[in-house]
**Q** 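Here you go, one structure.
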Amino acid sequence: MNIEDEIQKSIQSLELDSADDNNGEIAAPEEMKSEEVETHDKMEEDDVKEEVHSSDQHLHSEPTVKDEEMPSPEKAKEVEEKEEQTKRHLNVVFIGHVDAGKSTAGGQILFLSGQVDDRTIQKYEKEAKDKSRESWYMAYIMDTNEEERVKGKTVEVGRAHFETENTRFTILDAPGHKSYVPNMISGASQADIGVLVISARKGEFETGYERGGQTREHVLLAKTLGVSKLLVVVNKMDDPTVQWSKERYTEIESKMIPFLKSSGYNVKKDVQFLPISALLGSNMQTRLDKSICPWWDGPCLFEVMDVIEVPLRDPKGPVRMPIIDKFKDMGTVVMGKIESGSIREGDNLVVLPNKAHVKVLAVYCDENKVRRAAPGENVRVKLSGIEEEDILEGFVLCSTANPITAVTEFNAQLQILELLDNAIFTAGYKAVLHVHSAVEECEIVELLAQIDPKTKKPMKKKILFVKNGAVVLCRIQRSSQIFRSLGDLPCVLKEKQWQWGKLLACRFPYQLSLITSAGSRIAH
């Protein structure tokens, strides 16, 4: 065998060995790649299955725990309400004789609490100086009307807001002039507490306190309209005729205490006196310096207002909101104080007496939009389902499930303060009735009994008429329906032919019987 034959045999043997290896363990490169992709896909599928399986187990096991932890809608609402209402709220009305310094005191409070900046004060100072009324510039903060600034007399009830550490306040600046007593009644009917401003200046206190003065009249009206707490601030103590005199302060206090007692106030529990200077801001936000007034050791005005007791309210009661004003602003907006219940965005309510069903679109407190407003808040409520022209002052926004009672006659206990020209009070007497924000004409149809001033109980003797100073139980009739908003409804009777300072105060008894338009009695 030659060398060429040997080479060919070796080549053939090598080819046969490589073919056997390919058929056994070794694969082509393309096949190797495809196998790697398949195994990788299988591994990914297994991972996904495991994740889905574990997530399913997680979803099936979690809800029982989460359901226990998740609060109910009612609890969630309560939590939101608690977060929103961190401070209590009080409505404060400033009352007193004309020029006592009510608007100045209100303006100074807003300035001291940071609601008004220095630049605005400088502007008001210049404006007052141009009118030769340099001491009026603080009053311009509350008296925004040009007529009020020119005359120096508050006409409408001013409204503003400020806060202390614990309390949110709504200031109601009532007019002091006798011509605007109806506006004062409107302001006092919205208040929780009153600040009676008395001028210590020589002659000014005497003018307001004597017969026919607005100091006396405002105290009686405030008590009648449900203002149970009274802060008596003796203003203008810095005046040259006073100069922080303790004798002058004591004189005013000694004259006011008997009158406050006769008006129904518990002087020890419900009344507090303190001296201030509204123009200078003395004893308002900070206590008096001993160098100014060495004899006063008491608190300042902000301290007293911050700790005064809040009247009891029922946030879960039926909604009652007498409407004091209305206007259009991308819808119908009504203003008023919530006397009972709470108003939330989305609530379905009814406006009486026209029985219009409305929905609450938005609620505003202190210029801020809120989800819920509690009783005692002065609010603006945007409504759908009613037009502005269909609403009048004195209408009441209330809950649909428990609407208020409408009456044309009711029995009331009256205290006769002063009759026009010493007339007699008898059946057929016509007067003007103020109930919350409503003002209506009425007629006395029957005198039921006179109240004994000693026993406070009705006398058995039948009466045909009474005079000044008497307390009488009588029946009052209205041509159209009026409402009671809460239990004993405070109201005021005023002479139909009204003169300055001539009015009748009305206080309801503990047992008030209402006569509906159908004539049926409602025990109350």
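This one's a predicted model, so the numbers in the text were calculated from it and none came from an experiment.
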**Q** Does any part of the side chain of N235, heavy atoms only, come nearer than 4.5 Å to the side chain of S199, both counted from C-beta?
**A**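 No, too far: nothing below the 4.5 Å cut-off.
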**Q** Do you know which two heavy atoms are closest between L196 and G96, and how far apart they sit?
**A** CD1-CA, 3.9 Å
**Q** Give a yes or no answer on whether the side chain of E206 reaches the backbone of G203 with a donor-acceptor pair at less than 3.5 Å.
**A** yes
**Q** Looking at residues at least two apart in the chain, or sitting in another chain, which of them share a salt bridge (Lys or Arg N to Asp or Glu O under 4.0 Å) with D239?
**A** R201
**Q** Show, in sequence, the C-alpha distance, side-chain angles and deciding distance for L90 and T170, and conclude whether the side-chain contact (heavy atoms from CB on, under 4.5 Å) test is met.
**A** CA-CA 6 Å; L90 275 179; T170 297; over 6 Å; no
**Q** How long is the span from the CD atom in Q285 to the CD atom in E303, to the nearest 0.5 Å?
**A** 10.5 Å
**Q** How many angstroms lie between CG in L397 and CG in L349, if you round to the nearest 0.5 Å?
**A**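 Reported to 0.5 Å precision, the distance equals 4.5 Å.
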**Q** Would you say the side chain of P275 lies within less than 4.5 Å of the side chain of N283, judging by non-hydrogen atoms?
**A** yes
**Q** Would you say NZ of K126 has more than 12 non-hydrogen atoms from neighbouring residues, nucleotides or ligands within 6.0 angstrom?
**A** no
**Q** With the side chain counted from C-beta on, respond yes when L220 and S263 share a heavy-atom pair under 4.5 Å apart, and no when they do not.
**A** yes
**Q** Is the shortest side-chain heavy-atom distance between W244 and W296 below 4.5 Å?
**A**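 They are not in contact (no side-chain heavy atoms under 4.5 Å apart), so the answer is no.
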**Q** NE2/H161 to CD1/I171 distance, rounded to the nearest 0.5 angstrom?
**A**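 These two atoms lie 9.5 Å from each other.
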**Q** Mind checking side-chain contact (heavy atoms from CB on, under 4.5 Å) for V267 and listing every partner two or more places apart, or none if nothing turns up?
**A** I257, L260, K261, V271
**Q** Using side-chain heavy atoms (C-beta onward) and a distance below 4.5 Å, is K316 in contact with S342?
**A** no
**Q** Are a donor atom and an acceptor atom from the side chains of D306 and T164 found within less than 3.5 Å of each other?
**A**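 Indeed, the side chains of D306 and T164 share at least one donor-acceptor pair under 3.5 Å.
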**Q** Applying side-chain contact (heavy atoms from CB on, under 4.5 Å), name anything that partners I121, two or more places apart in sequence or on another chain.
**A** F111, V116, E125, Y137, M138, I141
**Q** Test L301 against I109 for side-chain contact (heavy atoms from CB on, under 4.5 Å), laying out the working first.
**A** CA-CA 9 Å; L301 181 61; I109 286 173; 3.9 Å; yes
**Q** What is the minimum heavy-atom distance between P318 and S399, and which atoms define it?
**A** CB-OG, 3.7 Å
**Q** Return the set of residues passing ring-ring contact (aromatic ring centres under 6.0 Å, His included) with Y364 (not counting sequence neighbours), or none when no residue passes.
**A** none
**Q** As an exercise, state the distance from CD1 of I252 to OH of Y209, rounded to the nearest 0.5 Å.
**A** 11.5 Å
**Q** Do N354 and I386 touch side chain to side chain, with heavy atoms closer than 4.5 Å?
**A**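 Heavy-atom side-chain distance check passes, below 4.5 Å.
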**Q** Which heavy atom in G341 sits nearest to a heavy atom in P375, and how many Å separate them?
**A**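 So the minimum-distance heavy-atom pair works out to O-CD, 3.1 Å.
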**Q** For K236, give me all partners under salt bridge (Lys or Arg N to Asp or Glu O under 4.0 Å), at least two apart in sequence or on another chain.
**A** E204
**Q** Measuring only between side-chain heavy atoms, which start at C-beta, is V234 closer than 4.5 Å to I276?
**A**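 Counting from C-beta outward, V234 and I276 never come under 4.5 Å.
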**Q** Checking E163 now: which residues fulfil salt bridge (Lys or Arg N to Asp or Glu O under 4.0 Å) with it, not counting sequence neighbours?
**A** K87
**Q** Under the salt bridge (Lys or Arg N to Asp or Glu O under 4.0 Å) rule, collect the residues that match up with K255, sequence neighbours excluded.
**A**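 Only E251 meet the salt bridge (Lys or Arg N to Asp or Glu O under 4.0 Å) criterion with K255.
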**Q** Among V334, N378, V351, exactly one meets side chain to side chain contact (heavy atoms under 4.5 Å, CB included) together with M321. Which residue is that?
**A** V334
**Q** Could you state the interatomic distance from CD1 (I343) to CD (E377), rounded to the nearest 0.5 Å?
**A** 10.5 Å
**Q** Would you name the heavy atoms of V370 and E345 that are closest together and state the gap between them?
**A**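 Of all heavy-atom pairs spanning V370 and E345, the closest is O-OE1, 4.2 Å.
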**Q** Run the salt-bridge test on E247 and K202 with the 4.0 Å N-O cut-off and return the result as yes or no.
**A** no
**Q** Apply side-chain contact (heavy atoms from CB on, under 4.5 Å) to D270 and list each qualifying residue two or more places apart in sequence or on a separate chain.
**A**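 Partners of D270 by the side-chain contact (heavy atoms from CB on, under 4.5 Å) criterion, ordered by chain and then number, come out as K229, Y265, N266.
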**Q** List the residues meeting side-chain hydrogen bond (donor to acceptor under 3.5 Å, both in side chains) with D329, not counting sequence neighbours, and say none if there are none.
**A**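 None.
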**Q** Can you list every pair that meets side chain to side chain donor-acceptor pair (under 3.5 Å) and has a residue in residues 379-390, with sequence neighbours left out?
**A** E367-R380
**Q** What closest approach, in Å, do Q190 and I324 show between heavy atoms, and which atom pair accounts for it?
**A** OE1-CD1, 3.5 Å
**Q** Please report the interatomic distance OG1(T207) to CD(Q214), rounded to the nearest 0.5 Å.
**A**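 It comes to 11.0 Å.
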**Q** Count the heavy atoms of every other residue, nucleotide or ligand shown that sit under 6.0 Å from CD of E309, and state whether that count exceeds 12.
**A** no
**Q** Counting distance only, does the side-chain N/O of N91 pair as donor-acceptor with the main-chain N or O of D192 below 3.5 Å?
**A**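 No; judged by distance alone, with no hydrogens or angles, the pair does not exist.
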**Q** Could you tell me whether the side chain of F169 reaches within less than 4.5 Å of the side chain of S113, counting heavy atoms only?
**A** no
**Q** Does A188 have any side-chain contact (heavy atoms from CB on, under 4.5 Å) partners at least two apart in sequence or in another chain, and if so, which?
**A** M184, L225
**Q** Would you check, one step at a time, whether the test side-chain contact (heavy atoms from CB on, under 4.5 Å) holds for I95 with V227?
**A** CA-CA 11 Å; I95 58 176; V227 179; over 6 Å; no
**Q** Report the C-alpha distance between V471 and Q413 in whole Å, list the side-chain angles of each, state the deciding distance to 0.1 Å, and finish with yes or no for side-chain contact (heavy atoms from CB on, under 4.5 Å).
**A** CA-CA 7 Å; V471 180; Q413 180 175 307; 3.7 Å; yes
**Q** Quick test of your reading: applying ring-ring contact (aromatic ring centres under 6.0 Å, His included), list the pairs with at least one residue in residues 302-338, sequence neighbours left out, ordered by first then second residue.
**A** F162-F302
**Q** So which atom in R320 and which in C398 form the shortest heavy-atom distance, rounded to 0.1 Å?
**A** NH1-CB, 3.7 Å
**Q** Parallel, tilted or perpendicular: which fits the ring planes of Y429 and F425, with parallel below 30° and perpendicular above 60°?
**A** tilted
